[in-house]
Amino acid sequence: MATITLAFTGASGMPYGLRLLECLIAARCEIYLLYSSAAQVVAKQECALTLPTQPREAERIFTARYGASPGQIRAFAKEDWNAPVASGSNPADAMAICPCSMGTVGAIANGLADNLIERAADVMLKERRPLVVVPRETPLSLIHLENLTRLARAGAVILPPSPGFYTHPASVDDIVDFVVARVLDQLHVPHSLVPRWGETGDDTRSERA
Ligand SMILES: Cc1cc2nc3c(=O)[nH]c(=O)nc-3n(C[C@H](O)[C@H](O)[C@H](O)COP(=O)(O)O)c2cc1C
């Protein structure tokens, strides 16, 4: 069972993060869940979802919402330095920050490690483990571009939520799945969210819960 650290930060795009969480649960991954204060605001604004301040409450809510196994989701507070992800001695197999704010991009690019999300990402880079960053802002300033370049140079995968339209998405859910599929690929988590180019298999989009 793969262990994945999933972080939500305060950029627009919370539907991507929630769908990613759902797919990781369905793929039987063990998940370390982190989210920032700003992510709580964005989740409320975009998805009418209250991300609880108490990690145990978040575990309970998401376990019920997505039918996770007991213990499959472990949530941690932003300054819980005792969390496994805080140390290079116990990193997850991979980490995704989805969505990722420009503030968090800048903090990681400059090694701040001032909260558990930044520290967990810092650990992934130093341990040479996969770190997938799904940044969201438009347009991008030179500061954003330089910080993203710095992260890419350090080994992160920069995966902008830029959906393709060659699959003829019929709904917002299809567009979300296009992006989440690319993130899952980078995390090496199997899925069948959207047909792959050049394959003639059934369209699995309608199979979503
Ligand atoms: C509804 C909403 C949408 C936002 N969208 C973005 C965004 O797309 N990109 C971004 O970089 N910041 C966005 N912000 C601002 C960040 O939340 C803010 O810079 C915050 O300090 C980021 O903190 P964090 O990185 O710890 O989550 C948004 C804020 C709100 C409330």
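Just so you know, ligand 1 is whichever comes first in the structure, and atom 1 is the first atom listed for that ligand.
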For [atom], the protein heavy atom that lies nearest, with its residue and separation:
atom                    : answer
atom 22 (C) of ligand 1 : Ser101 OG, 3.7 Å
atom 5 (N) of ligand 1  : Ser12 N, 3.2 Å
atom 11 (O) of ligand 1 : Met102 N, 2.8 Å
atom 31 (C) of ligand 1 : Val41 CG1, 3.7 Å
atom 20 (C) of ligand 1 : Ala38 CB, 3.7 Å
atom 9 (N) of ligand 1  : Arg136 O, 2.7 Å
atom 29 (C) of ligand 1 : Gly10 O, 3.7 Å
atom 2 (C) of ligand 1  : Val42 CG2, 3.6 Å

Scan the protein's non-hydrogen atoms and note whether one is under 4.0 Å from atom 18 (C) of ligand 1.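 There is no protein heavy atom less than 4.0 Å from atom 18 (C) of ligand 1.
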Protein heavy atoms: any of them under 4.0 Å from atom 26 (O) of ligand 1?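 So far as the 4.0 Å threshold goes, atom 26 (O) of ligand 1 is in reach of a protein heavy atom.
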Let me check something: do Leu187 and Val123 share a hydrophobic cluster, defined by ILVMFWY side-chain heavy atoms less than 4.5 Å apart, either directly or through other members?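 As far as the 4.5 Å side-chain criterion goes, Val123 and Leu187 are not connected within one cluster.
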Should Val179 and Val172 be counted in the same cluster of Ile, Leu, Val, Met, Phe, Trp and Tyr side chains packed under 4.5 Å apart?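 Looking at the clustering, Val172 is in the same group as Val179.
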Determine whether a donor-acceptor pair (N or O, by modelled atom type, separation under 3.5 Å) exists between the side chain of Asp93 and the backbone of Thr3.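 The answer is yes, because a donor-acceptor pair under 3.5 Å joins these two groups.
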Is the backbone of Asn82 close enough, under 3.5 Å, to the side chain of Asp80 for a donor and an acceptor to pair up by distance?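 At least one qualifying donor-acceptor pair exists.
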Where does the angle between the aromatic ring planes of Tyr35 and Phe8 fall among parallel (under 30°), tilted (30 to 60°) and perpendicular (over 60°)?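 Taking Phe8 first and then Tyr35, their aromatic rings lie parallel (interplane angle under 30°).
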If you compare all heavy atoms of Ile61 against all heavy atoms of Pro52, which two are closest, and at what distance to 0.1 Å?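 In this case the closest contact between Ile61 and Pro52 is CD1-CG, 3.6 Å.
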Give, for atom CZ of Arg74 and atom CZ of Arg56, the distance between the pair rounded to the nearest 0.5 Å.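 The CZ atom of Arg74 sits 8.0 Å away from the CZ atom of Arg56.
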Given Leu151, Thr149, Ile143, the one that forms side chain to side chain contact (heavy atoms under 4.5 Å, CB included) with Asn147: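 Running side chain to side chain contact (heavy atoms under 4.5 Å, CB included) over Leu151, Thr149, Ile143 with Asn147 returns exactly one hit, Ile143.
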Heavy-atom distances under 4.0 Å are what count here, so tell me which part of Ala11 touches ligand 1: side chain, backbone, both or neither.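 Both parts.
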